[in-house]
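Okay, structure first, notes after.
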There are 2 protein chains.
Amino acid sequence: MEATEKKVARLATPGLRPGGRSARVQASVHAAVQALLAEHDRAELSVPQVAALAGVTPSTIYRRWGDLNELLADVAVERLRPETEPADTGGLRSDLESWLEQYREEMSSEPGRAMLRDVLASLGSAIGAAQCCAFSRQQLAVIAARAKTRGDVVPDLDAMVEVCLAPILYGILFDATIMDEGFVRRLVDRLLTPAP
Amino acid sequence: MEATEKKVARLATPGLRPGGRSARVQASVHAAVQALLAEHDRAELSVPQVAALAGVTPSTIYRRWGDLNELLADVAVERLRPETEPADTGGLRSDLESWLEQYREEMSSEPGRAMLRDVLASLGSAIGAAQCCAFSRQQLAVIAARAKTRGDVVPDLDAMVEVCLAPILYGILFDATIMDEGFVRRLVDRLLTPAP
DNA sequence: TGCGCAAAAGCAATTTTTTTGCGTTAGCGC
DNA sequence: GCGCTAACGCAAAAAAATTGCTTTTGCGCA
C-alpha cells in the first residue's frame, strides 16, 4: 500500500480561490458529508455515497482526502470551529461556567462526540486535534482577556485548560459518570479558589 | 448496509472455554494483529492480511468483529489492561507521581496513542473507553487504599481522575505542548494541596 | 486579453476488500 | 458417547479502493 506519503492528504481549507473548481468540489463534498451524517448512521456512510451526492467521482475524494476517516476529520474540524465569542455575563466565574457548560453540552451530544472521535481518529490526528484544541484555547483566552480588562486576577491559560477543559473532555470521551449535576461549577471552583 | 445490529459485534473476551476453538481463533487473531502492528504501519493493515497471518478466513473476522476498527479496539483494550499493581514507593505523593509519570510516558508513545485512538474510534466506543478508564481508575484506587492504610488523608477518587488523569490524557490526545518538564508533579501538587 | 502550464477532476479498468449463502466442524450439554 | 448449535471455512458476488490516462480549468505571464 506504500501508505506513508499518500496519507499526507491536504487537510482543511487549501489555499484556493473561492471561485475555483477545487473550492467548489470541497464545498460540495463537505455539504454532502454533513447532509448524509444528518440522517444516516455513520456506519452506513461510504465514499462512493458521498461522491454521488456531491456530484463528483469517488476517485476525486480518494485522491484529495485519502480515505473516509480523513474526510470526516476534515469536516469535523470545520464544524468544531466556534462561530461566536463566548458570552459576556459580567464576571470571570460566570463567563467560564457559562461557556464550559455550553461546551460540555454540545460535545456530549452524539454529533459532538462523533466529531471529536473523527478528529482523533484521523491519521493526521495531530493536526486536527491540535487545531480543534486551539479553538477552545482561544475561546478561553477571550474570556481571560475580558476578565483582565475588568481588573480580575486571571489564572494561567494552561491552568484553565488543565483544570476545566481536560476533565470535561475526559468525561465525554471516557467516562460520563463523573459528570454529575454540579460538575462544571466544581471545576471552575477548583480553578478560581486560590491555593494558599 | 443495515448496520445497526450488525455492528454490535461481540467485544472483549467472550465467555468461552480456554480450550475452545473460538478462544483459539481469538488468540491467534489478536496475536496476528499485534505482530503486524509491531512492524508495519497501521495504514497498511487489512483484515485479509490479519486473517492470513492468523490462519483463519477473513469472513471469520468480519463476522466476529464487524470491521477492522472494532478488532483494533478489542486488541487495544486487552493491551491497555494493567499487568502489575502500582509500585509502592512509601507515600501517597510519590506513589501518584510515579504511576502517573509512567502512565504518561507509556501513553505518549506512538503505540500508546494508537491504542487510545483505536479504543475511542470503535463504534462500541462507550464500552471500550469505559473499560480502559476503569483500568486506570482501579490502579488509582489501589494507590488510594494503600495510602489510607498508612493513615494519610486521601483525596476523592473522582478528584484524582479529574485533576491528574484527565489533563494527562488531554495532553496526549489534543495538545502535547502543555506537558512540559514538571507537568505531572504540578498536577499532583494541585491534587494534594488542600484548598482552604 | 489570450496562451500555455500544471494542478485537479473525470473516466474506466483493475485490484482489493467486504458481504453473504451454504456446507462443515467442533465444542458443549445431556 | 450423541445430538444440537454456535462458530468456522469456502467460494461467489457485490462493493469499495486504487491507478493510468485523458480532459478540464484555474492561474500566471506576456
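So you know, we letter chains A, B, ... as the sequences are listed, proteins then strands, and number each from 1.
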For nucleotides 21-25 of chain C, print each protein N/O atom paired with a nucleotide N/O atom at under 3.5 Å, atom names and distance only.
from   : atom 1 : to    : atom 2 : distance (Å)
C:dG21 : O6     : B:R63 : NH2    : 2.4
C:dT25 : O2     : B:R21 : NH2    : 3.2

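Atoms CD (B:E44) and C1' (C:dT16) sit 15 Å apart, rounded to a whole Å. When the P atom of C:dT19 is taken as reference, atom CG of B:L68 falls 12 Å away, rounded to whole Å. Between the C1' atom of C:dG10 and the CZ atom of A:R64 lies a distance of 14 Å, rounded to the nearest Å.
Qualifying salt bridge (charged side-chain N to carboxylate O under 4.0 Å, His left out) partners for B:E101, counting only residues two or more places apart in sequence or in other chains: B:R104. Shown here are the ring-ring contact (aromatic ring centres under 6.0 Å, His included) partners of B:Y103, two or more places apart in sequence or in another chain: B:W99. A:M160 meets the side chain to side chain contact (heavy atoms under 4.5 Å, CB included) test with A:L96, A:L140, A:A144, A:P155, A:L157, A:L191; sequence neighbours excluded.
Side-chain contact between A:R64 and A:Q26: present, with at least one pair of heavy atoms (C-beta onward) separated by less than 4.5 Å.
Residue B:R24 has its side chain nearest to C:dG27 when only C:dG27, C:dA9, C:dT17 are considered.
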Donor-acceptor list for residues 161-172 of chain A side chains, cut-off 3.5 Å, not counting sequence neighbours:
from   : atom 1 : to     : atom 2 : distance (Å)
A:E162 : OE1    : B:R190 : NH1    : 3.0
A:E162 : OE1    : B:R190 : NH2    : 3.0
A:E162 : OE2    : B:R186 : NH2    : 2.9

Please tabulate, for side-chain N and O atoms in residues 29-38 of chain B, each donor-acceptor pair with protein atoms closer than 3.5 Å (sequence neighbours left out).
from  : atom 1 : to    : atom 2 : distance (Å)
B:H30 : NE2    : B:D74 : OD2    : 3.2

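Between C:dC11 and A:T57, no contact under 4.0 Å exists linking OP1 or OP2 to a side-chain N or O.
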